[in-house]
Every structure is written in structure tokens, then in C-alpha cells.
Amino acid sequence: MYEKEEEQLKNLYDNIQVPLDSLDDAIFAGFHKAKSEGKRKSRRKKWLVSLAVAAIIFVGFFTSIRLSPAFANYISVIPGMEKIVDLIRNDKGKMLAIENNYYEKIGVSQEKNGIKLTIDGAIADEDGLVLFYTFESKEKLKELQNEKVRLKSLDGKKLDIGTISMGHPLYSEKGETSHSDMFEFNFESPLAAKKLELKVSVEGTNLKEEFTLKFNLTKEIQKKKSYALNKTVKIEGQKISFLGADVYPLRAAIHVKMDPNNTKRILSFEDLRLVDENGETWNKISNGWVASHISPEEMIIYLQSNYFREPKKLYLVLNKIQAVDKDEVNVVVDTKKLQILKQPKGGHLSDLRVEGNDLIFNFHIEKEFNSFLFTRITDGNGKQIESNTSFMGGRMEKGYAEIGVNIPDIKNQPNPISLELTAYPSWIKGNEKIKIK
Amino acid sequence: MSAGEQLVKDAIKGDDAAFLQLIQLYKIDLYKTALSFLRNEEEALEAIQEVTYRAYKNMKSVKDAAYFKTWLIRIMMNYCNDQLKKKKRVVLNDELLNLQGNSENHTEMELKDAMLGLDERSREILTLKYFQDMKIKDIAATLQCPEGTVKTWLNKALKALRDKLEGNGGDLHV
């Protein structure tokens with residue numbers, strides 16, 4: 001009946017070229033990722049967040065953006081740019097900054113005991129600074145982790161750091177002689193300092209070094225573009241006001257405030273995006289700092305920047321928002337009886353268990369869900385518990401992920417323990433388009 | 001017990017060499033599956049990496065060594081489906097497909113596009129049947145449903161594919 005189709009399907013992938021070497025590299029990389037995690041080491045970016053900033057950090061999967069031909073051309077003529085582009089391929093805003101010549105080359109380095117740290121270049125704006133760096137070593141390094149990163153103003157001008165992202169650590173079974181990533185700083189007041197000093201402490205196998213690098217920022221810092229919005233939308237009965245948008249070269253910051261009378265707590269604006277008159281879209285930051293919470297009812301959402309475009313029209317568009325009923329905002333558990341006393345409708349969490357000081361749930365979800373669920377943890381007396389580590393394993397064919405938090409001295413913490421949600425697979429949906437210009 | 005099944009048992013016990021041998025054994029099948037879903041080499045390779053990772057992490061959940069390959073392909077298809085949804089990319093618009101739709105023999109490109117325009121289940125079943133050359137019985141085990149259901153789905157999938165190819169596909173946006 002469908003012989004023709006069947007025949008074609010059968011032949012479709014018979015004659016493809018299989019890139020055997022790359023295939024083996026990919027298998028090797030996957031295998032070693034699994035092995036090194038077995039040692040319970042974090043391969044994630046390390047962050048330092050000042051207490052004043054309630055940052056929501058999202059560790060997403062790397063989704064790369066295709067390079068435009070013009071951009072590919074541009075980078076091919078500048079030596080050393082490929083590795084930098086590899087680091088920012090998931091951020092259209094940063095790519096536009098480079099394409100518009102807003103990247104500045106720094107090229108300052110220091111060598112200590114056979115290891116050299118170079119600041120390759122920088123992108124700076126009032127709100128943030130990205131430093132691209134490379135470690136090089138004559139001998140192959142299997143492990144290298146940034147332990148401490150500090151940045152100091154040398155000209156007495158303002159440098160008011162809110163967060164630092166230190167980049168990914170290097171773990172490699174076969175060893176590497178070069179490792180590139182970026183430090184990302186965000187400021188609480190506009191950056192004014194031009195002469196800076198960076199101190200980086202690194203640790204690895206039998207290795208501990210501190211590097212000190214002085215450098216200058218020479219490019220004129222582009223001023224943000226601010227738009228007042230003051231527009232309220234209503235989605236499934238929840239009122240949300242968009243107060244304004246600040247667009248910086250490195251990111252766009254959207255200020256939103258929720259109506260206190262809303263029945264739901266808004267957790268995350270999952271698909272908020274900028275769209276111009278041609279339908280070109282700038283999404284949320286896909287791997288990194290996605291939002292700051294000013295209060296449960298007020299937040300700043302960060303999007304990839306379209307700063308270097310001059311669209312005739314620009315809109316904020318959104319279709320779905322993560323939200324839970326306000327009385328369901330906490331997951332409450334008893335760590336003695338190993339019971340989940342309270343969780344939002346849908347019952348995504350089950351099989352509560354305690355392993356060492358880790359409190360672990362099974363998190364049932366049909367589709368991949370990459371956000372970590374919990375933020376503040378409080379004990380039975382309402383006292384906040386400081387948790388240093390949390391973890392989440394990916395959804396597997398078994399249909400659930402493991403999600404957990406480390407609670408120091410868990411046996412002696414008064415029950416019940418409450419975990420406040422910061423993400424949850426429960427959405428309100430609408431179709432909103434807010435005009436920016 | 002086949003040599004393959006012994007490898008699976010060793011791998012479940014934590015024998016890394018056995019695990020790597022198994023992945024070597026099925027890497028071409030995995031790659032073809034990834035390619036049929038994701039359409040480009042770079043993403044297919046990324047998928048191989050992730051699936052190797054997931055398989056290693058979950059070896060202990062392999063229940064029946066005889067079905068290791070279907071277990072592995074299942075992980076790959078889950079991953080690919082999630083990727084496709086994440087990208088929410090528009091595969092082809094109707095107009096373009098209608099233009100291409102009436103030629104006598106469908107080109108490879110059309111066929112690949114049409115595959116991507118199918119629903120998840122149809123895509124999976126066609127992949128297993130024609131790219132992995134699996135028997136109905138094995139597909140039933142992979143998808144955990146009766147063989148009769150597989151046959152019905154397979155027919156529906158082929159019909160949907162033909163409809164897409166002939167341009168009656170309606171909404172092709174994934």
C-alpha cells in the first residue's frame with residue numbers, strides 16, 4: 001500500500017557519510033562527563049552573588065545560534081576570535097556587540113609556574129563586564145577550577161560589583177593545554193572605572209596559583225537605551241505590569257511588577273522575548289543569570305540584547321508564564337517521616353528520601369524541564385537554612401529527574417521543612433504583545 | 001546468551017570497557033536516529049555525547065539485556081524529541097511544501113522534511129521500522145504497546161507521511 005514510501009524511507013539513511021572520528025570524540029566526551037560527575041564534581045559555572053542581589057541563575061543546555069555570513073566573515077579575519085565566538089554562540093546580544101566592533105582586545109597575561117592566564121578581550125557596558133580569558137599550560141592539565149575572582153578599580157572610579165560568574169571549570173581525562181571561558185561581572189551602579197585589576201585564584205591537581213592582571217578599558221561605554229512602558233496585561237486573571245525596559249549592549253533588563261491581589265505567584269516569564277518589525281526575536285538569556293527578584297511581586301528579567309539594532313518597531317511578546325497558586329508556593333516536607341506534606345497540584349514530586357545530608361525527590365515530568373525548583377529553605381521554626389549545594393539530574397527514559405538540596409545537619413533541623421518554589425511546571429497562558437517603540 | 005547480552009550485564013555491573021564496546025556497537029544506529037530527527041551533523045554529534053552520558057548514568061535501569069539496543073534508541077529519541085520541542089523551529093511552510101509536493105519521486109530533502117513534520121509517535125515508529133530495521137515485535141517492546149497497535153500506528157504514520165509529501169499535510173509547523 002505504501003511500498004513507494006517504504007522503499008524511500010529504507011534507502012534514506014543508507015548512504016550517509018558517518019563522521020567516525022567525530023562520533024568517537026562525542027562518545028568519549030559523553031563518557032567522561034558521566035565519569036567525572038560520578039566523582040561528584042560540579043562542572044557547572046561557579047557564581048558569586050552579593051547578598052543584595054536575589055539572582056535567579058539558569059543553567060541551560062547549550063543551544064547555539066547560527067552565525068550570519070557577515071559575522072562568519074568578520075571573525076575569520078581576526079585571529080583568535082573563533083574561541084571567543086564559541087563562548088557566546090548562545091547569546092545574540094553578545095554576538096551583535098562583537099559584530100559591531102564593541103569588543104575590545106586586551107591581551108594582558110601573567111605566567112606562573114608554567115601556567116599562563118591571558119585576558120583576551122572584553123565587552124563592557126554600564127551594567128556589566130565580560131572578560132574573555134584563556135589558561136595555557138605547557139603540560140596537559142586535567143583539572144583547573146577558578147576558586148576566587150576579584151576585580152578592583154585602580155583609578156578610584158566606581159566599580160560596584162553585584163555578581164561574578166567565574167566560568168566553567170576544566171575537567172579533562174586526557175588533559176588539555178588550553179582552556180578558554182569568560183568571567184562575567186554585573187554591577188549595582190553604572191561602571192565608571194577604566195583602570196582595573198583582576199585577581200584570580202585557581203586550583204587543580206597539585207596546583208594552586210594566584211594571578212594578578214592589570215588592564216585598561218579603552219572603548220567608550222555605550223549608554224543604555226531606556227524605555228518607559230507602564231502597561232498592564234491580564235493573563236488568566238493575573239495582572240502584570242511592565243514598568244520599563246533598559247537595553248544595554250550586553251543584555252536587556254525588563255522591569256515587571258505583579259498586582260498584589262493576584263491569586264497566583266508568578267515564578268518565571270518563560271518565553272518573554274523582544275520581537276522587531278521583521279519578526280526577528282531575542283530570547284531570554286539561555287545559560288546564566290535570567291532574572292533578579294526585587295520582591296516576590298517584582299522582578300527584573302534579562303533578555304538577550306538587540307542594542308546594536310535600530311528597529312523601527314519593537315515589541316515584548318509572551319505566551320506562557322510559570323505560576324502557582326499563592327498558597328502552594330512552598331513544598332513542605334517531614335524529613336523524619338519522609339513525607340511530602342504539601343506540594344502544588346499535579347503532584348510532580350514523589351519518593352522523598354534523605355541520603356547523608358541530601359534531601360532528594362523524584363521529579364516527574366513529561367518534558368525536559370531545566371530550571372531548579374527551589375529557592376529559600378526554612379525550618380519548622382521559620383528560620384532560614386543555608387544550603388550550599390543543590391542538584392538536579394536530567395530527565396531520563398524512566399520519566400523522572402532526581403532533584404535535591406543539601407541541608408547541613410539535616411537530622412537535627414526542626415520539622416517540617418519548607419522549600420519555596422522558584423520554578424514549577426505549571427503555566428498560565430496568553431498571547432500578549434507590548435509595544436516598546 | 002549472546003556476546004552482546006554478556007557485555008550488557010558486565011556494563012550494568014560497572015565495567016567501563018564493556019559499556020564503551022556496547023556504544024561502539026550501536027553508534028551508527030544512534031547516529032542515524034539522531035540525524036533523522038535533528039537533521040544536521042553537529043547536533044547529531046551533540047546528541048551522541050548526551051546519550052552516551054545518559055546511558056552511562058542509567059545503566060543500572062536496564063532490565064532486560066536483550067533489549068539494550070531498543071533501550072538506547074529510546075533514550076536517543078527522547079532526547080531528540082525534547083530538542084525539537086525546545087527549538088520550536090518551523091520546519092517548512094505549507095506553501096513551499098505544496099510547490100514540491102507533486103513530483104513523482106520525492107527527493108530526500110522532501111522526505112526528511114516531511115518526517116520532521118509528523119507527530120512524535122509517527123516519527124518514532126518510522127525511525128524504528130525503516131532506519132533501525134526493527135521487527136514489529138521489537139518496536140512493540142520499545143514503545144511498550146501491543147504488536148497490533150504498532151501495526152495500526154505504522155499505517156497511520158505512513159499515511160500521514162504520504163499526505164505530507166503530497167501536500168495535503170495541513171499544518172506543518174512543529
Side-chain angles (χ1 to χ4, degrees), chain A residues 1-38 43 60-66 89 173 271 279 281 283 286 319 365-370 393-402, chain B residues 16 19-20 23-24 27-28 30-33 35-36 41-59 61 71-72 74-75 77-79 81-83 85-88 104-108 111-112 114-115 126-127 129-131 133 154-155 157-159 161-162 165:
Chain A
M1 205 174 152
Y2 295 107
E3 290 77 11
K4 195 177 77 184
E5 282 81 4
E6 292 191 272
E7 200 52 38
Q8 287 176 339
L9 281 170
K10 274 186 196 154
N11 295 332
L12 189 54
Y13 286 96
D14 270 359
N15 300 317
I16 53 156
Q17 294 271 335
V18 178
L20 286 172
D21 283 347
S22 313
L23 210 53
D24 287 342
D25 284 348
I27 292 168
F28 187 81
F31 174 69
H32 283 284
K33 186 176 159 205
K35 287 296 280 182
S36 60
E37 259 182 28
R43 296 174 54 85
F61 283 79
F62 207 84
T63 46
S64 55
I65 297 166
R66 248 157 246 303
R89 279 185 84 140
E173 203 81 1
D271 65 355
T281 301
N283 291 320
S286 62
N319 300 101
I365 180 95
E366 277 173 36
K367 292 167 190 159
E368 197 126 22
F369 189 85
N370 291 329
R395 185 182 74 95
M396 302 304 169
E397 74 296 335
K398 60 194 176 199
Y400 61 85
E402 284 189 344
Chain B
D16 288 349
F19 173 79
L20 286 171
I23 299 290
Q24 284 296 333
K27 67 181 178 185
I28 307 280
L30 285 171
Y31 180 73
K32 283 185 180 177
T33 306
L35 205 60
S36 73
E41 182 182 317
E42 193 186 332
E43 286 175 47
L45 289 169
E46 222 169 285
I48 295 285
Q49 177 178 338
E50 184 60 25
V51 169
T52 305
Y53 167 80
R54 292 185 184 186
Y56 187 83
K57 285 290 210 187
N58 288 278
M59 264 321 278
S61 70
W71 178 82
L72 208 54
R74 179 81 253 164
I75 300 180
M77 292 197 303
N78 280 348
Y79 170 84
N81 282 326
D82 284 342
Q83 285 304 105
K85 272 177 225 149
K86 210 178 301 177
K87 281 193 293 199
K88 291 187 199 87
E104 183 54 33
N105 256 312
H106 310 300
T107 65
E108 279 193 9
L111 202 56
K112 289 175 185 171
M115 281 286 288
L126 293 179
T127 302
K129 179 81 173 78
Y130 298 108
F131 303 160
D133 222 3
L154 185 59
N155 253 313
L158 283 166
K159 179 173 188 314
L161 184 73
R162 176 179 284 178
L165 287 169

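By convention in this document, chain letters (A, B, ...) are assigned in the order of the sequence lines, proteins followed by strands, and residues within each chain are numbered from 1. Reckoned from all heavy atoms, side chains included, excluding hydrogens, waters and symmetry mates. All figures in this text were calculated on a predicted structure; none of them were measured in a lab.
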Is the Tyr56(B) ring parallel, tilted or perpendicular to the Phe31(A) ring (thresholds 30°, 60°)? perpendicular
All heavy atoms of Pro19(A) vs all of Tyr31(B), minimum pair found to be CD-OH, 3.2 Å
Partners of Ala47(B) by side-chain contact (heavy atoms from CB on, under 4.5 Å), sequence neighbours excluded? Ala34(B), Leu38(B), Met76(B), Tyr79(B)
Sort out for me which of Asp25(A), Leu20(A), Leu9(A), Val18(A) touches chain B most, counting heavy-atom pairs under 4.5 Å. Leu9(A)
From CD1 (Ile27(A)) to CG (Leu20(B)), nearest 0.5 Å: 8.0 Å
Count the heavy-atom pairs under 4.5 Å between each of Leu35(B), Thr127(B), Ile28(B) and chain A, then report the option with the highest count. Leu35(B)
Pick one of side chain, backbone, both or neither for Leu161(B), based on which atoms fall under 4.5 Å of a heavy atom in chain A. side chain
Is there a side-chain contact between Asn155(B) and Tyr2(A), using heavy atoms and a 4.5 Å cut-off? yes
Spacing of Lys57(B) atom NZ and Lys33(A) atom NZ [to the nearest 0.5 Å]: 9.0 Å
Sorted by chain and number, sequence neighbours left out, side-chain hydrogen bond (donor to acceptor under 3.5 Å, both in side chains) with Glu6(A) holds for Tyr130(B)
Which bit of Met77(B) comes within less than 4.5 Å of chain A, counting heavy atoms only: side chain, backbone, both or neither? neither
Is it true that the side chains of Asp24(A) and Gln24(B) contain a donor and an acceptor less than 3.5 Å apart? yes
Closest approach of Leu45(B) and Ser22(A), non-hydrogen atoms and distance? CD1-CB, 3.4 Å
